[in-house]
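Below, each value reflects all heavy atoms present in this structure, side chains not excepted, and no hydrogens, waters or symmetry copies. By convention in this document, chain letters (A, B, ...) are assigned in the order of the sequence lines, proteins followed by strands, and residues within each chain are numbered from 1.
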Amino acid sequence: MNPQVQIQGTVPAGTGYNFAYLDEGTKRMIRRAILKAIAIPGYQVPFAAREMPMPYGWGTGGVQVTAAILGASDVLKVIDQGADDTTNAVSIRRFFTATAGIATTTRTAEATVIQTRHRIPEAPLAEGQVLVYQVPIPEPLRFLEPRETETRQLHALAEYGLMHVKLYEDIARHGHIATTYAYPVEVAGRYVMDPSPTPKFDNPKMDDCPALQLFGAGREKRIYAIPPYTRVRSLDFEDHPFRVQSFDRPCALCGAEDVYLDEVVLDDAGGRMFVCSDTDHCESRRADGHMGEAA
Amino acid sequence: MPHDLARQLAHGFADPVHEGQAVFRAAMEALSRPGRIRPLPTGLRPPAPLTPELAALALALVDADTPVWLDAPLRAEPAVAGFLRFHTGAPIVASPEQAAFALIADPARCPAFTEFAQGTPAYPDASATLVLAVETLSDESGPAFTGPGIRGTERLDAGPLPADWASRWAANHAGFPLGIDCLFVAPGRLAGLPRSARPVTPEATPCT
């Protein structure tokens with residue numbers, strides 16, 4: 001075997017990095033964690049997260065999961081709060097363009113791998129797509145029980161009474177469940193899981209989703225997964241059933257209803273408008289001729 | 001002699017980065033959609049009885065961090081352990097319970113699942129993955145499964161397997177989240193059966 005041939009195959013021209021930045025040993029370690037995460041839906045698999053060339057909180061966990069699964073023929077989409085054009089999304093997309101030389105897109109339907117910070121695209125996902133979440137704090141019980149040794153026992157015993165007490169206290173104080181993001185879910189009838197700080201509006205999209213969902217937490221060094229077509233139930237009570245946010249107006253640009261909206265301040269005189277948080281969804285609708293009141 | 005060793009040693013992946021990624025993605029798809037058969041092309045020619053597909057999964061997934069257990073036919077051929085040690089650096093262990101991965105060339109004589117690491121209640125991921133080289137692999141017949149990754153039910157027929165395979169699998173699933181996960185490989189193909197796959201028994205189907 002000619003060692004030069006191997007090196008040429010592993011290094012994208014001109015970057016000096018291995019394909020998708022991570023070394024092969026790290027990728028194998030992450031890949032093994034992903035396989036166990038898929039076999040045990042909702043369970044947080046510890047992994048030896050590496051230092052990445054970006055600060056914690058910028059998606060180091062998601063980036064490592066993406067780097068481990070990415071192949072040369074993948075098409076990558078990266079969103080930050082639904083938008084393809086914000087700093088975090090642009091820099092991660094550029095990172096993989098530079099280190100893996102792969103194709104990128106902003107169109108949900110064209111992507112094979114979608115890395116997301118805190119939104120699930122409005123367009124339905126399909127089989128064959130992988131949604132990679134950036135997760136800051138993977139442990140849903142962390143703010144109720146700070147000790148990892150204890151939360152691990154609670155998961156082992158499927159003892160989730162604490163979480164129900166927390167939701168109940170919401171009702172006692174506010175009259176309704178006031179948790180609006182990182183709303184806890186039960187995966188496949190066993191593990192309670194933090195869906196990352198997505199708005200609870202997106203929770204129903206996790207249920208019975210045709211795409212594979214992978215979650216990476218870099219600082220906390222955890223990977224977890226929801227396989228396709230898996231039951232994902234948002235925790236609730238019979239007399240206080242789970243409900244998503246609703247908006248009293250459509251998107252100002254594309255007129256979409258039943259989507260998650262961002263508030264945009266227009267001036268210092270109280271002017272504001274509400275627009276789709278999912279920029280690709282909004283642009284596709286406007287290209288199809290849909291118009292909102294501010295378009 | 002070094003020259004002889006180089007001549008005898010079967011080659012690994014020609015392109016370790018992309019071939020390893022492709023094999024991993026096939027395994028990821030297989031485990032996330034239990035019962036669906038995935039293509040697994042490989043150009044490897046490892047020493048028999050290690051099949052090209054067993055070798056491909058080993059090269060893609062194991063390394064010095066993952067103890068590997070070999071079943072009796074693989075253990076009987078020293079070139080198999082030599083191939084795996086050279087290309088992966090994985091420690092070859094004598095006892096199934098120490099293994100993170102088990103390579104099984106004779107699935108009909110697969111040891112009891114309970115001989116392999118099941119994980120612990122706090123760390124169910126510390127459990128073995130069995131890679132079994134089967135002769136037949138079909139998703140049109142055989143026992144039906146349901147659970148995460150499966151829309152409705154999926155069937156998976158692999159063989160030859162031990163006669164008590166169905167009861168072994170039922171017990172393995174009943175222990176969830178503990179248990180082992182299986183990858184079945186046949187020439188050019190791969191299917192997965194994670195511990196989350198629940199066997200659908202005929203009498204349980206019309207449950208209301």
**Item:** chain A contact via B/Ala60 - which portion, at a heavy-atom distance below 4.5 Å
**Value:**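 Backbone only.
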
**Item:** Region of B/Arg33 that comes under 4.5 Å of a non-hydrogen atom in chain A
**Value:**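 For B/Arg33, the side chain is the part near chain A, not the backbone.
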
**is_close_aromatic(A/Phe19, B/His18), centroid dist under 6.0 Å** =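 They qualify: ring centres under 6.0 Å apart.
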
For [X], which atoms come within 4.5 Å of any heavy atom of chain B: side chain, backbone, both, or neither?
X	result
A/Asp74	side chain
A/Gln44	neither
A/Ala68	backbone
A/Arg190	side chain
A/Leu35	both
A/Ile226	neither
A/Val187	neither

**Prompt:** Any idea how A/Tyr17 and A/Tyr21 line up, ring-wise: parallel (<30°), tilted (30 to 60°), or perpendicular (>60°)?
**Reply:** tilted

**Request:** Check the angle between the aromatic planes of B/Trp69 and B/Phe116 and answer parallel, tilted or perpendicular using the 30° and 60° thresholds.
**Result:** perpendicular

**Asked** Does the cation-pi check pass for A/Arg28 over B/Phe24, that is, NZ or CZ under 6.0 Å from the six-membered ring centre and within 45° of its axis?
**Response**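 Geometry flag: not set, cation outside 6.0 Å or 45°.
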
